[in-house]
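Right, one structure below, let's go through it.
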Amino acid sequence: TEDQYRRSLNSFSEHLKRNATSDDLTPTKVNLWVKSLQSSKSATTCGNYLAGLLVIWNHLTERQLVEPYHSKRIRRIRKDSKPVVAWTVTEIRNLLKSADLLEGLLRGTTLKASDFMRALILVSFETGLRPSDMRLIRIDQIDFKAGTIAVVQHKTRQPHVARLSQPTIEAIKRLKTTDLVFPLG
C-alpha cells in the first residue's frame with residue numbers, strides 16, 4: 001500500500017517536474033496530471049495512481065494541512081468495460097485431451113495428474129472462478145446431489161454459485177479429496 005502511495009506521489013512529482021508539496025494539491029494541478037497520465041497509461045493504472053494521491057490528500061486534510069477536495073471537481077477516469085474472453089469449446093476439448101495424456105501422480109499426493117487436471121479444467125470452465133478461488137474450493141462447498149458449488153470469492157468477497165455438470169461432479173469425486181478439492185500450494 002505504501003508503495004502505491006509512493007508511486008502516485010512520484011508520478012505527480014514527475015508531472016510537476018519537481019517534488020510535489022501540499023500546496024500542489026489543487027483540483028487543477030491534479031486534473032492536469034490525470035489528463036497527462038491518461039495519454040500513456042491504462043485506465044486502471046490511472047485510477048490506481050489517482051486513488052493513491054487522494055489518500056495522501058485525505059491524510060493531509062485530516063491533519064488540517066490542506067483544504068479538502070471536492071470529488072466532483074476531480075477528473076473522473078472512465079474504464080472501458082471489456083468483454084470477457086473465454087476459451088472456446090474446441091479449446092476446452094483440446095485441454096481435456098491433453099489432461100488425459102498426463103501420467104503419474106502429483107508430487108506429494110496420491111492424486112493422478114490426469115484426474116486432477118481434468119477436474120481442474122472442468123470446474124474452471126463451468127464456474128469461471130479465478131485460479132486463487134479454485135485453490136480454495138472445499139469439498140463441503142459442493143452439493144453433489146444438486147450439482148452446484150457455492151463459494152465466496154476471495155478477492156471480491158462476493159458469493160458465487162454455479163451449476164456443475166454430471167461429468168464434472170464425477171471428475172471431482174475421482175479426486176477423493178477430503179478437504180480442499182484442488183490441494184495445491
Side-chain angles (χ1 to χ4, degrees), residues 1-92 95 117 120-138 140-142 148-164 179-185:
T1 302
E2 288 177 25
D3 286 343
Q4 177 61 42
Y5 301 155
R6 282 192 193 97
R7 279 191 295 273
S8 297
L9 189 57
N10 289 341
S11 175
F12 188 47
S13 293
E14 285 174 20
H15 170 74
L16 297 171
K17 297 183 177 27
R18 60 179 170 73
N19 286 335
T21 66
S22 57
D23 293 334
D24 294 314
L25 292 174
T26 66
T28 303
K29 288 181 181 179
V30 169
N31 288 339
L32 287 172
W33 168 63
V34 170
K35 186 176 180 181
S36 74
L37 279 178
Q38 289 178 306
S39 66
S40 62
K41 306 268 188 230
S42 73
T44 300
T45 300
C46 294
N48 290 340
Y49 276 45
L50 177 59
L53 191 66
L54 293 179
V55 168
I56 294 168
W57 196 336
N58 283 332
H59 176 75
L60 294 172
T61 298
E62 287 175 6
R63 287 170 178 50
Q64 299 178 346
L65 298 172
V66 297
E67 290 297 313
Y69 64 89
H70 299 285
S71 60
K72 292 186 184 216
R73 295 187 64 203
I74 301 297
R75 186 179 183 98
R76 296 241 180 255
I77 298 167
R78 299 208 194 305
K79 294 183 182 177
D80 296 332
S81 58
K82 297 178 185 175
V84 174
V85 178
W87 290 330
T88 65
V89 172
T90 302
E91 290 170 324
I92 294 296
L95 284 170
M117 287 308 297
L120 186 68
I121 292 164
L122 288 169
V123 174
S124 296
F125 179 69
E126 293 183 6
T127 64
L129 289 171
R130 292 176 183 84
S132 59
D133 290 323
M134 293 290 294
R135 289 188 295 271
L136 296 174
I137 296 173
R138 295 184 324 272
D140 63 3
Q141 294 172 309
I142 299 172
T148 59
I149 182 170
V151 299
V152 174
Q153 295 177 76
H154 179 73
K155 181 177 180 179
T156 63
R157 295 286 173 223
Q158 294 297 311
H160 182 81
V161 178
R163 181 160 301 284
L164 300 174
D179 187 26
L180 293 177
V181 176
F182 303 108
L184 283 180

Residues pairing under ring pair (Phe, Tyr, Trp, His ring centres under 6.0 Å) where one sits in residues 51-91, two or more places apart or in two chains, turn out to be Trp57-Tyr69
With Ser124 via side-chain hydrogen bond (donor to acceptor under 3.5 Å, both in side chains) - residues at least two apart:
none
The criterion is salt bridge (Lys or Arg N to Asp or Glu O under 4.0 Å); which residues satisfy it with Arg6, sequence neighbours excluded?
Glu2, Asp3
Quick one: side-chain hydrogen bond (donor to acceptor under 3.5 Å, both in side chains) partners of Glu91, sequence neighbours excluded?
Thr88
For the CZ atom of Arg135 and the CG atom of Leu120, what is their distance to the nearest 0.5 Å?
9.5 Å
Contacts of Lys79 meeting side-chain contact (heavy atoms from CB on, under 4.5 Å) (sequence neighbours excluded), chain-then-number -> Ala43, Thr44
Who pairs with Tyr49 by ring-ring contact (aromatic ring centres under 6.0 Å, His included), at least two apart in sequence or on another chain?
none
All side-chain contact (heavy atoms from CB on, under 4.5 Å) counterparts of Ala51, not counting sequence neighbours
none
Thr127 meets the side-chain contact (heavy atoms from CB on, under 4.5 Å) criterion, sequence neighbours left out, with Val123, Leu129, Met134, Ile149, His160, Ala162, Leu164
side-chain hydrogen bond (donor to acceptor under 3.5 Å, both in side chains) involving Arg75 - partner list, sequence neighbours excluded
Gln38
By salt bridge (Lys or Arg N to Asp or Glu O under 4.0 Å) - contacts of Arg138 (at least two apart)
Asp140
Run the side-chain hydrogen bond (donor to acceptor under 3.5 Å, both in side chains) test against Arg73 and tell me which residues pass, sequence neighbours left out.
none
Could you list the residues that satisfy side-chain contact (heavy atoms from CB on, under 4.5 Å) with Arg18, not counting sequence neighbours?
Leu16, Asp24, Lys29
